[in-house]
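Here's the structure, in structure tokens; my notes come after.
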Amino acid sequence: MQWTNAAAALAAIALLPSTAEAQKVVDRNLAPVAVDPATVPMPKLRFTETETDREGYDKYFYFVREGTDFATAYQDIRECDALARGMRFYAGGGTVPYPYTYTMAGAVGGAIGSAMVDMIFGSSIRRQMRRTNLRTCMGYKGYGRYGLSKDLWAVFNFEEGNRIVPEDERQKYLQMQAKAAISGRPETQELEF
Amino acid sequence: MRALSTLLVAAAAGAAFSTAAAAKPLQTEQFKSNAAVSIDSARAFILVRSPGMDLKLLRIATAAERAVYEQDKAAAFAKAKGKYDRDAVKYAEAQKDYETAISNGAVNYYKPEKPVEPNESNFAYPAIESDNFVTIWAGRVFDKEGPRTVHLIAVPPGTYRIYGQILEAPNGSSSGTCMCMGSVQFDAAAGTITDMGTMRYPISEARGDKVQASWNGLTPGKGGLTSMRVEPADSSTYVPARLASLPRVQASYRAAGKVDNFFGVMIDRLTALPGVLAYRRDEVVDERTSSVVASN
């Protein structure tokens with residue numbers, strides 16, 4: 001029986017975020033983070049559009065809002081990223097992505113529930129949810145959505161299905177997205193909301 | 001066996017920050033169609049039509065409840081800190097054993113993991129909202145004689161926000177849409193029925209009717225029409241005969257700011273409600289005062 005409990009405890013712990021991860025999440029959420037835009041590389045956005053590119057615009061896009069500075073764009077993107085992934089952002093932030101983590105059983109149940117959803121629908125549904133949530137959130141913020149070739153998109157964006165992108169890596173991507181967001185009106189046509 | 005116990009020490013240390021606070025879910029009672037309804041003075045009653053795929057309301061904690069919450073949180077932190085102190089002692093012993101074993105030529109001896117001291121930043125404690133969600137089940141219909149199904153639920157008195165349509169599966173997963181980027185809230189007073197009116201789903205309703213989605217001059221996307229809106233009750237709104245003689249008021253809505261996506265579902269915002277709720281880009285505006293509403 002003790003062995004069973006021990007195994008259950010270890011399995012539960014494996015499913016929880018590590019302390020280091022939790023620390024980063026809190027830091028990320030508490031307040032605007034000052035980043036020198038000069039240190040952030042500007043992603044390449046100009047390309048010759050092909051039919052294949054246009055077919056991929058549901059997945060491969062970036063946001064632009066004219067008259068916006070880097071700090072505002074970065075904060076907007078961080079907010080939408082947090083909302084899209086179900087992290088706490090408002091009221092000081094926190095580490096609880098859903099409301100039932102107050103018991104170990106709750107934490108494990110939630111994680112297993114998510115795993116079940118993934119088994120049934122696959123991670124593609126999660127990736128799609130993230131894309132849609134980002135479009136909704138950034139759209140409400142007044143950003144336009146513009147298509148990009150997959151190769152250029154992949155340089156400063158990420159998909160998030162079953163995999164969770166490490167926080168440091170995530171912030172680098174988001175900073176580059178902010179840089180793209182202030183790059184001025186693209187020559188390509190604005191896409192639907 | 002020692003290796004296992006050492007492992008468990010490390011495991012316990014890792015789990016130290018997931019506190020087991022006592023769950024205090026709201027006491028609610030959603031009435032079935034054959035249920036007798038009597039209004040008692042200790043509870044508030046909420047009437048809504050067409051709650052869609054399980055309507056979630058979020059009760060806004062009062063200042064007194066927040067104070068208790070902060071006390072509980074502080075107590076949980078102190079408990080976690082005490083546990084850490086004990087684990088630190090166990091760790092020191094386990095580390096000593098480990099070093100001795102290694103120096104004696106042991107191989108594959110489990111190296112104990114140093115516990116991490118909890119602090120305000122890494123201490124995970126459930127949000128106060130955890131215990132303040134109310135679910136109005138679509139399947140529990142109080143009355144279906146009118147144009148739309150009517151649902152009645154008894155809840156603790158307080159201020160409630162329309163949070164979204166969210167379906168929670170028994171395995172812990174959730175699906176649906178939260179009105180995280182703006183919504184409305186209303187007061188539900190004790191001893192009376194507060195009539196929320198009718199929940200409407202303009203985009204899916206239009207899809208069902210095979211027409212272009214629009215309402216009140218709004219269209220989807222940048223046109224301002226969202227997946228969910230509320231139609232406040234008025235004198236023409238259908239009310240079940242059984243409730244006609246009971247004390248009843250129309251919900252007095254006011255704008256509610258952004259809130260977190262606690263369930264990790266799709267996000268949206270409630271369609272603007274003339275005279276109550278408006279938006280300037282993503283800012284939530286209280287139309288009564290023309291002021292921006294803070295995020296929750």
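A, B, ... follow the sequence lines: proteins, then strands. Residue 1 opens every chain. For the numbers below, each heavy atom of this structure counts, side chains included, while hydrogens, waters and symmetry mates do not.
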A:R185, CZ atom: more than 12 neighbouring heavy atoms under 6.0 Å: no

- prompt: Is it the backbone or the side chain of B:R269 that comes under 4.5 Å from a heavy atom of chain A, or both, or neither?
  reply: both

Region of A:F193 in contact with chain B, defined by heavy-atom distances below 4.5 Å: side chain

statement: For A:T136 and B:I267, the nearest pair of non-hydrogen atoms, with its separation, is CG2-O, 3.5 Å

task: Could you tell me which non-hydrogen atom of A:N133 sits nearest to which non-hydrogen atom of B:V265, and how far apart they are?
output: ND2-O, 3.2 Å

query: Is the CD atom of A:E187 crowded by more than 12 outside heavy atoms at less than 6.0 Å?
result: no

message: Looking at A:I164, I want to see if its CD1 is surrounded by more than 12 non-hydrogen atoms of other residues, nucleotides or ligands under 6.0 Å.
response: no

- prompt: Side chain of B:N261, backbone of A:L83: donor and acceptor closer than 3.5 Å?
  reply: yes

- prompt: In terms of heavy-atom contacts, does CD of A:Q189 have more than 12 from other residues, nucleotides or ligands at under 6.0 Å?
  reply: no

field: Exceeds 12 heavy-atom contacts within 6.0 angstrom, atom CD of A:E49
entry: yes

Approximate separation, where rounding is to 0.5 Å, of A:K141 NZ and B:E283 CD: 9.0 Å

statement: Tightest non-hydrogen contact, residues A:Y143 and B:K222, listed as O-NZ, 3.8 Å

task: May I ask you to check whether over 12 heavy atoms, not counting those of B:N108, lie within 6.0 Å of atom CG?
output: no

